[in-house]
Amino acid sequence: MATPTVLPALPQNWHEPTSPARSISPVIHRQLLPAGPAYLAHVRRAINKLSFEEYDQQVEEEQKRLDALQADGLNGEDDLGVGDEEESPELLLLDPKEWKKQDHYQVLGLSHLRYNATSEQIKIAHRKKVLKHHPDKKAGISNSTNDDAFFKCIQKAFEVLTHSEKRRQFDSVDPYYLALEEDTPTASDFKGKDKDHDFFFKMMGPVFEREARFSKRTPVPMLGAYDDSKETVEAFYDFWYNFDSWRSFEYLDKEVNEGSDSRDDKRYTEKKNKSERARRKKEDTVRLRSLVDMTLALDPRIKRIKQEEKEAREAKKKNKAGNTAAELKAKAEEEKRRAEEEAKRKEEEEKTARAEAKKAKAAAANAAKKARRAQRAAAEAAVEGP
């Protein structure tokens, strides 16, 4: 059986309170603004039909997931130094509906890498940006109704740069390099710099390094140095005059009007885009050819090679002239030697002939003398006969 509770006695100095001097304020209806983290939490519970306990559990699990991602992605082991570039106010105000005008590399903090960024670096940079700009993390901090605009730009940049074909299309018209193409050196920039060989390679070397990324063939020969051989220089210009580019301009295609189901509109837009792509491709080919022509005309190596070839021809000509004089001299000496030998031979023949003639004459004289002796002896014998 329960024990009855006995209340303590009132203190001796207690008195019954008197009625208030002023009346109670009347009830006033105030409008509550749908803002703040409490309201957002209420909306999420109402939309997902969650109880307070279920919602708290969901929030806790999401926070654990984000913490795990942050621990994996930002612990310094696979950071790779990407995604930490400072975001300008203009960048944060990008309109996700105009995503074709945005610089996807800049959005993800990869401006210093651009087309050299690896897939792993893109993933890490995206993870950092998501952790920083996720709408749930920013909820209640700003009164703006467009808090997730930049987050949508981040997602679009990640979508483009992780799709090989879309990334190639964007790299073809990267706004950063389009601006550099506008600042490509011209022939007037080299006036008075004929003897400054380093200036030529300093100005034109980076230009060909940028253009090389569009080549279908690899490796791509770079501009090189002043002391390159004739074969190396000829190989460079042969490659660039026959440059095979994969660059395309689909990224600049105009979209079909929203809400239009007309096949004619789609066909017209596709035909127009195809024509524009062909025009831009032709202009780009002419641009590159003009660049190579200008480089060839200004290349100090060409002048050096021509000068070396001229000197070689002159040296060869000089050597040839020297060789001809020596040959003529040798021929003259040979003819002189032969003439001397012929004269000596004739002299010996004449000497021999004279000697033989003298012998014959002497023999004839002896024979005549013998004949006279014989005749005289015969005559004497006849006289002395009977």
Side-chain angles (χ1 to χ4, degrees), residues 88 90-108 110-111 113-117 119 122 126 129 133 135 145-184 186 207 210-218 220 240-294:
S88 65
E90 293 79 8
L91 185 67
L92 297 174
L93 293 176
L94 288 175
D95 185 353
K97 293 181 181 179
E98 297 182 351
W99 59 272
K100 279 200 171 185
K101 296 181 180 180
Q102 76 180 31
D103 185 341
H104 299 308
Y105 290 113
Q106 187 180 22
V107 169
L108 293 183
L110 296 168
S111 298
L113 295 173
R114 296 201 168 269
Y115 67 90
N116 291 315
S119 58
I122 293 173
H126 172 256
K129 294 296 182 180
H133 295 282
T145 58
N146 197 31
D147 286 341
D148 62 342
F150 188 63
F151 180 76
K152 291 179 180 178
C153 293
I154 293 171
Q155 296 300 85
K156 192 64 182 180
F158 183 69
E159 174 191 336
V160 171
L161 297 183
T162 52
H163 189 285
S164 59
E165 186 61 27
K166 291 180 179 179
R167 183 181 182 185
R168 174 169 285 203
Q169 292 175 3
F170 175 73
D171 285 341
S172 296
V173 294
D174 188 330
Y176 174 79
Y177 289 109
L178 289 180
L180 290 179
E181 286 181 10
E182 296 295 329
D183 294 333
T184 299
T186 60
V207 175
R210 293 195 301 267
E211 296 293 337
R213 71 187 192 276
F214 296 126
S215 177
K216 290 182 180 179
R217 293 186 295 164
T218 55
V220 180
W240 284 95
Y241 271 119
N242 297 281
F243 190 78
D244 191 6
S245 173
W246 55 259
R247 190 176 191 181
S248 62
F249 297 91
E250 291 90 346
Y251 193 83
L252 301 178
D253 286 354
K254 292 184 178 180
E255 302 292 336
V256 180
N257 295 330
E258 294 184 5
S260 175
D261 295 330
S262 173
R263 291 185 178 180
D264 292 336
D265 287 347
K266 292 181 179 179
R267 289 173 181 173
Y268 174 78
T269 303
E270 290 174 358
K271 183 178 179 181
K272 189 71 175 177
N273 287 336
K274 184 177 180 180
S275 175
E276 284 297 304
R277 289 197 298 267
R279 180 184 64 80
R280 292 189 178 102
K281 183 69 174 179
K282 184 177 180 180
E283 290 178 351
D284 185 64
T285 302
V286 172
R287 177 192 64 83
L288 183 60
R289 180 61 180 255
S290 300
L291 175 65
V292 179
D293 286 341
M294 184 193 73

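Since the model is a prediction, treat every value here as computed from it, not as a measurement.
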Side-chain donor/acceptor of [X] to backbone N/O of [Y], under 3.5 Å:
X      : Y      : value
Glu211 : Leu288 : no
Lys281 : Arg247 : yes
Ser275 : Lys272 : no

Before giving the answer on salt bridge (charged side-chain N to carboxylate O under 4.0 Å, His left out), spell out for Glu283 and Arg287 the whole-Å C-alpha distance, their side-chain angles and the decisive distance to 0.1 Å.
-> CA-CA 6 Å; Glu283 290 178 351; Arg287 177 192 64 83; over 6 Å; no
Partner residues of [X] under the side chain to side chain contact (heavy atoms under 4.5 Å, CB included) criterion, sequence neighbours left out:
X      : result
Asn116 : none
Gln106 : Leu91, Asp103, Ser111
Glu98  : Asp95, Lys101
Arg213 : Tyr115, Tyr177, Arg210

Which value, rounded to the nearest 0.5 Å, describes the distance between [X] atom [atom1] and [Y] atom [atom2]?
X      : Y      : atom1 : atom2 : value
Tyr268 : Lys254 : OH    : NZ    : 8.0 Å
Ser88  : Leu94  : OG    : CG    : 8.0 Å
Glu181 : Asp183 : CD    : CG    : 10.5 Å
Arg289 : Tyr241 : CZ    : OH    : 5.5 Å
His104 : Lys156 : NE2   : NZ    : 7.5 Å
Phe170 : His163 : CZ    : NE2   : 15.5 Å

Who are the salt bridge (Lys or Arg N to Asp or Glu O under 4.0 Å) partners of [X], not counting sequence neighbours?
X      : value
Glu250 : none
Glu255 : Lys100
Asp244 : Lys216

Less than 6.0 Å separating the ring centroids of Phe243 and Phe214?
->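 No: the rings miss the under 6.0 Å criterion.
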Which residues satisfy the ring pair (Phe, Tyr, Trp, His ring centres under 6.0 Å) test with Phe249, sequence neighbours excluded?
->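 Expected list: none.
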4.5 Å side-chain heavy-atom contact, [X] and [Y]:
X      : Y      : value
Lys129 : Val107 : no
Pro96  : Phe151 : no
Arg280 : Glu276 : yes
Tyr105 : Leu161 : yes

Show your working on salt bridge (charged side-chain N to carboxylate O under 4.0 Å, His left out) between Glu270 and Lys266 and close with a plain yes or no.
-> CA-CA 6 Å; Glu270 290 174 358; Lys266 292 181 179 179; over 6 Å; no
Heavy-atom neighbours of Arg263 CZ exceed 12 at 6.0 Å =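 No, because the 6.0 Å sphere around CZ of Arg263 holds 12 heavy atoms or fewer from other groups.
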Please work out whether the ring planes of Tyr251 and Trp99 are parallel, tilted or perpendicular, with thresholds of 30° and 60°.
->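 Judged by the thresholds at 30° and 60°, the geometry between Tyr251 and Trp99 is perpendicular.
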State which residues pass side chain to side chain donor-acceptor pair (under 3.5 Å) with [X]; sequence neighbours excluded, sorted by chain then number.
X      : value
Lys274 : none
Arg277 : Asp253
Arg267 : none
Asn273 : none

Where Ser172 and Trp246 come nearest, the two heavy atoms and their spacing = OG-CZ3, 3.4 Å
Taking all non-hydrogen atoms of both residues, which atom of His126 and which atom of Leu108 are closest, and how far apart?
->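 In terms of heavy atoms, the two residues are closest at CA-CD2, 4.1 Å.
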